[in-house]
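So the structure is just underneath, and the comments pick up after that.
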Amino acid sequence: MILVLCSAVVFIILWYISRTVMRVAVQFFASKSKTKLDDYLVSKKVFSSLAHIVPLMALYSLLSLAFFAYPVLFNVMSKFIDIVIIIAIWITVNRAISAINMFFEELEKFKDKPIDSYFQIFKIILGVIFFLLILSEITGQSPASFLAYFGAFSAVILLVFKDTILGFVGSIQLSANDMIRKGDWITMERYGADGNIEEINLTTVKVRNFDRTITTIPTYSFISDSFNNWRGMEESDGRRIKRSMFIETDSIALASESLIQTLEKSKILGSFLNQEIENIKQYNDQHALDTQPNKRKFTNIGLFRRYIEFYLKNHPGVNSEMTLMVRQLQPTDKGLPLEVYCFSQTKVWEAYELIIADLFDHFYSVVQEFELYTFESPSGNDIQKLKS
C-alpha cells in the first residue's frame with residue numbers, strides 16, 4: 001500500500017514538473033521563433049496533452065514495483081495505462097494535425113484551397129489505426145487480425161461512411177480541377193445557395209448567402225449537380241450588363257425631319273448623323289432612288305439604337321474595351337425587345353446595380369424624344385380612363 005501511495009505521489013510530482021517545464025520551454029521557444037506554427041500548436045494545446053505522456057510512462061514503471069507481488073492486478077493496471085497512453089498520443093496527434101491545418105490555411109497559396117478535407121481524412125485514418133491499437137491492447141490480439149473482421153463488414157462500413165467517401169472523392173476532384181475555392185461567389189438553385197463559400201470540408205461546403213443565412217451543401221453535389229461560380233467574372237475586366245427595353249411596334253416609324261434636325265445638334269449623335277446623311281444621300285443619288293419608295297431613310301428605332309450605343313461608349317461606368325452592342329431580339333406580344341449588352345467597369349455588386357439603374361433611367365426618360373413608346377401592360381388606371 002505504501003508503494004502504491006508513493007507511486008501516486010511520484011506520478012503527481014512528475015506530471016506537475018512535466019507540465020511546468022513544457023509550458024516554460026514552449027513559451028520561451030515560441031517567443032524566439034519567427035514562424036506561426038508553434039503559436040498554433042500552443043493554441044491547440046498540443047504540448048499540454050504531450051506533457052501527460054512522460055508521467056504515464058513513468059507510472060508504468062512505478063506500478064511494476066508496487067504490484068510486483070500481484071501479477072494479475074499489475075497486468076490489468078498495465079493494460080489500462082497502455083490504453084490511456086494510446087489515447088493521450090491520439091489526442092496529441094489530432095491536435096497537432098488541427099494546428100498544422102490552421103497553419104496551412106494562413107499561407108497565401110493555400111488560403112482558397114479545400115485542404116480541410118485532406119486533414120479530415122488523415123484524422124479518420126489515424127483514428128482507425130489508434131482504435132485498432134486499443135482493441136489489440138484490450139483483447140491481446142494483433143491489430144492485423146482485426147482487418148479481417150473489417151473486411152467482412154466492408155458493406156456496412158461503406159454504408160456508414162458513404163458520405164465521407166463521396167466527400168473525399170469530391171474534394172479531390174474539386175481541388176484537382178480548381179472548381180471552387182474559399183471566398184468564391186457561387187449560386188446553386190437546387191439548394192437555394194447564393195453567396196460566398198466560407199468553408200470546404202470533407203462532407204460539406206458552407207455558403208454564406210447574401211441574406212446572411214448559411215446553406216450547407218454536400219461536397220459531392222458540386223460534382224454531380226450544376227452550379228454557377230462567379231469567380232471568372234470577378235477576375236475579368238468587367239461584369240456583364242444584359243437587359244432589354246420593350247418598344248411598342250406601332251410607334252416604330254421613319255424618322256421625322258424635326259427629330260433628325262434635333263439630333264443633329266446633339267453632341268452624341270451630331271457627327272454621326274452628319275456623316276450618315278451624306279452617305280445616304282450619295283447612295284440614293286447613285287441608284288436614282290430619290291423619288292422611289294424604297295430609298296434609304298432614317299428610322300426612329302435605328303436612331304435610338306445608335307444613340308444608346310454611343311451613350312454607352314462614352315459612359316464612365318461602362319468598359320468600352322469589352323463587348324458592347326445594342327441589338328434587336330425576336331419580336332414578341334410585348335413589342336420589340338431592344339437589348340443592351342455591355343460590361344461595367346466595376347464588379348462590385350452595389351456599384352454595378354447603380355450603373356444599370358443610371359443607364360436605364362436615362363434610356364427610359366429619352367425614349368419618347370425619339371417618338372417611341374415602351375410597352376406596358378394595362379393597369380387599373382388605364383381601364384378606368386377607358387371607362388370614363
Side-chain angles (χ1 to χ4, degrees), residues 1-30 33 37-104 116 118-151 153 157 160-161 164 202:
M1 188 64 181
I2 297 175
L3 288 175
V4 174
L5 292 174
C6 290
S7 299
V9 171
V10 172
F11 169 74
I12 294 172
I13 294 172
L14 287 174
W15 175 78
Y16 179 78
I17 294 173
S18 177
R19 284 179 59 86
T20 304
V21 170
M22 188 69 72
R23 184 174 65 252
V24 173
V26 167
Q27 289 179 351
F28 175 78
F29 286 110
S33 175
L37 179 58
D38 49 7
D39 298 326
Y40 293 125
L41 292 173
V42 172
S43 67
K44 285 296 180 180
K45 300 181 179 179
V46 175
F47 300 103
S48 297
S49 56
L50 188 63
H52 296 300
I53 297 174
V54 174
L56 286 170
M57 290 181 175
L59 180 62
Y60 185 89
S61 301
L62 292 170
L63 290 180
S64 65
L65 297 175
F67 293 99
F68 71 93
Y70 306 96
V72 177
L73 185 58
F74 172 71
N75 187 44
V76 174
M77 293 296 295
S78 64
K79 281 184 177 295
F80 176 75
I81 294 172
D82 287 340
I83 292 171
V84 174
I85 290 173
I86 292 172
I87 293 173
I89 296 173
W90 188 357
I91 294 172
T92 303
V93 172
N94 262 334
R95 290 178 176 179
I97 292 172
S98 299
I100 295 170
N101 186 9
M102 292 175 62
F103 174 72
F104 276 101
D116 289 346
Y118 301 108
F119 283 101
Q120 286 177 350
I121 197 66
F122 190 44
K123 283 183 178 180
I124 291 173
I125 294 172
L126 287 175
V128 172
I129 293 173
F130 280 104
F131 181 68
L132 290 176
L133 290 174
I134 292 172
L135 285 179
S136 175
E137 189 64 34
I138 294 172
T139 61
Q141 297 183 29
S142 170
S145 63
F146 292 102
L147 296 177
Y149 299 115
F150 280 115
F153 291 101
I157 293 172
V160 172
F161 293 100
T164 303
L202 192 59

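The first residue in the sequence is number 1, and the count goes up from there.
- For the atom pair Leu126 CG and Phe131 CZ, the distance stands at 15.0 Å (nearest 0.5 Å).
- With sequence neighbours left out, the side chain to side chain donor-acceptor pair (under 3.5 Å) criterion links Asn101 to Asp116.
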Under 3.5 Å, sequence neighbours excluded: what are the donor-acceptor pairs made by side chains of residues 85-96?
from: Thr92; atom 1: OG1; to: Ser49; atom 2: OG; distance (Å): 3.1
from: Thr92; atom 1: OG1; to: Ala88; atom 2: O; distance (Å): 2.7
from: Arg95; atom 1: NH1; to: Lys45; atom 2: O; distance (Å): 3.0

